[in-house]
Every structure is written in C-alpha cells, then in structure tokens.
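This report refers to the structure that appears directly beneath it.
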Amino acid sequence: MSCTKCGSENVIIHRRYSGQHLCKKCFIETIQKKVLKDIKKYELIKKGDKVLVALSGGKDSTTVLDILSILAERNIIELEAITIDEGIKDYREKGIEYASETCKKLGIPQHIFSFKEHFKITIDEIMASKPPRKACTYCGVLRRWILNKEAKKLGADKIATGHNLDDEVQAIVMNYLEGNIENLTRIGPATYSQKFVTKIKPLREIPEKEVTAYVMAKGLKVHLEECPYRKTSFRKKIGTILTGLSKDHPTILYSTLRGHEKIRNALKKELKGESILRECIRCGQPAARDLCKTCTLLKEIGRLKDEIHSHNR
Ligand code: FES
Ligand code: ZN
C-alpha cells in the first residue's frame, strides 16, 4: 500500500474513517494542518494572544505544545506551559520530568504548581482518607482551580488543554448517560465564561490513536503510563465501549461529535444560557453558589474549618 498523498511506500498509518494511507512525513503534515485549521475555523487563538498549555508531560498536552510552538515560532502567539503536580506518587514525577525536558528543548517557559502548596494536601492523601472518594472528581476540580488562578496571574488569554476526539466524545456520552444535560451545553472547542480564562482544545478533532502516532512519528518524549486512579473511573468504562464500537463503525466518534454540535445550541436556548457566576466567599474564584466547587470539596475533607472567609480578611 502506498501513501495516498505522495505515493511513498513507507506507510505508517491507515485512517479507516477516511480510507487514507499515509507515510510519516504526510501524516505529521496532515495533523499539524488539521489542528492549525481548526484553530482558525473555531477562532481559538488571536494574533498576539498569550497561550498557556496545561502540560502534564503526557502524549496529548505534549502534542498541543509541539504544534502551538509552530505559531510561537512565527511570532503569532506568546507560548508558555503550566504543569500541575497533583501528588500521585510513582506516577506524576515522571510526567513532570518529561514536561520540563520538552519545554527546555522547545525553549518554552514552564511554571510548576502543586496541590500541596495550594491546598496542603495531595491526591494520594485525599484518597487515603475516609470515606472512599472519587479521585478524578477531586483531581479535575482542584486542578482547574489552580490553572484558572495562576493563568490569570500570568496574564494568559487562553489555556490550551490536550483533550482529543476520544476524550471529547467520552465526555458527551458520560454526561448524556448521567443526565447532566446542562454540562452538554458547555462541551465544545472553547469554553468561554465571564470569569474564567478561556480554555481551548486544539486536538478536539484528532483521534487518540493518531495523537499517539504523532508523538511516535516526531520522536517526542512523553509519559505514556496511565494514572493509577483511572482504572476504576466511569470515563474509562465509556472509553472501552466506544473503542470497541469504533472497530466496526470507524466514523462513530466523528458522528457523535457532529451530532452533539447540532443539539448544543438548541439545548443552550432551552436552558436559557449559562448560570450567573459570583465570587466564592472564601477564595474569590468564580462560583455558582457561596462556595466554589473547590472550596466545597475541601470543606468535605475537613480542609477548610474556620478558614472560611479568609480571602476577604
Ligand atoms: Fe482521575 Fe488520575 S485522578 S485519571
Ligand atoms: Zn472557593
């Protein structure tokens, strides 16, 4: 089989959803072009933006950084990376090491923050406490809190995350199955909210398998290990089902994504836009109630006590 684009015999990937066979060079080019095209199409980045990549050192965020560095080289954007240490022993250390190496190689400034310094507790410590807790809930909410706070301080216009096509479709299906219809209105290429730094997902239309192929083709050093807390997550179960379905129905991830795009606006109208956010009475971050999600979770694990209102003092 030869490359559909250039005729080379060294094919490295077969795209079952489009029928293309691609050699290494053409594959890398198509991924970069597609991501840059989507950035334009969905207006994810403006000239002069300061973009902060949420860099874990894994394949997805490293790919985002690698492709956005093309825009930084062309002086279209200012690019920096932010890495969060959630405190997951024998797992996170390697990711941070690889993330730092990539930043050094690309000459991109990196900022590292930890749960320990911000919340005085790590994910491992939260998971060791009683009653049993869902790691991903704490990990996701607390990580977003640090990202938002530090991105604002750093003067970022956008936070770019590594969500790929599989992640996005998993989120759509999960929220649908759990009946979280309001969440479905927030899933999209960018998340705009009056009080948060805008989050963008440049890899949203790239299948996970192709992100893996991209890092291999480019020889990027990434942390491929899976988070030890992911094994039991609902997301993982949905991911396994979707991967199984994709074998016989190669276009199913794209059709789910497009279907969601069609109903998203109708849902938004039905639900009359986003709920008004105010400031958390403890930390000052955006919140739907008195306390933001982070402070609510910290309170649940006994980390707030009489610290409440401390930010107003
Ligand atoms: Fe959920 Fe790591 S805590 S994947
Ligand atoms: Zn708060």
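Just follow the structure's listing: the first ligand is 1, and inside any ligand the first atom is 1. Keep in mind that this is a model prediction, so the values were computed, not measured. Atom set for the values below is all heavy atoms of this structure, side chains included, hydrogens, waters and symmetry mates excluded.
Contact check on R258 versus E205 returns a salt bridge, with a Lys/Arg side-chain nitrogen under 4.0 Å from an Asp/Glu carboxylate oxygen. Under a 4.0 Å N-O distance rule, the pair K94/E97 qualifies as a salt bridge. A salt bridge does not link E101 to K105: none of the charged side-chain nitrogens sits closer than 4.0 Å to a carboxylate oxygen.
Other residues, nucleotides and ligands place no more than 12 heavy atoms under 6.0 Å from the NZ atom of K209. Other residues, nucleotides and ligands contribute over 12 non-hydrogen atoms within 6.0 Å of the NZ atom of K116.
Going from atom CG of N148 over to atom NZ of K199 covers 5.5 Å, rounded to the nearest 0.5 Å.
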Should K195 and E279 be marked as a salt bridge (charged side-chain N to carboxylate O under 4.0 Å, His left out) after you check the CA-CA gap, both sets of side-chain angles, and the distance that decides it?
CA-CA 9 Å; K195 299 191 175 188; E279 281 184 9; 5.0 Å; no
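Ring geometry, H118 versus W145: the interplanar angle exceeds 60°, so the pair is classed perpendicular (tilted spans 30 to 60°).
The tally of protein N/O/S atoms under 2.8 Å from the Zn ion (ligand 2) stands at 4. Looking only at protein N/O/S atoms, the ones less than 2.8 Å from atom 2 (Fe) of ligand 1 make 1 in total.
Hydrophobic cluster membership differs between V53 and L154, with clusters built from Ile, Leu, Val, Met, Phe, Trp and Tyr side chains linked at under 4.5 angstrom.
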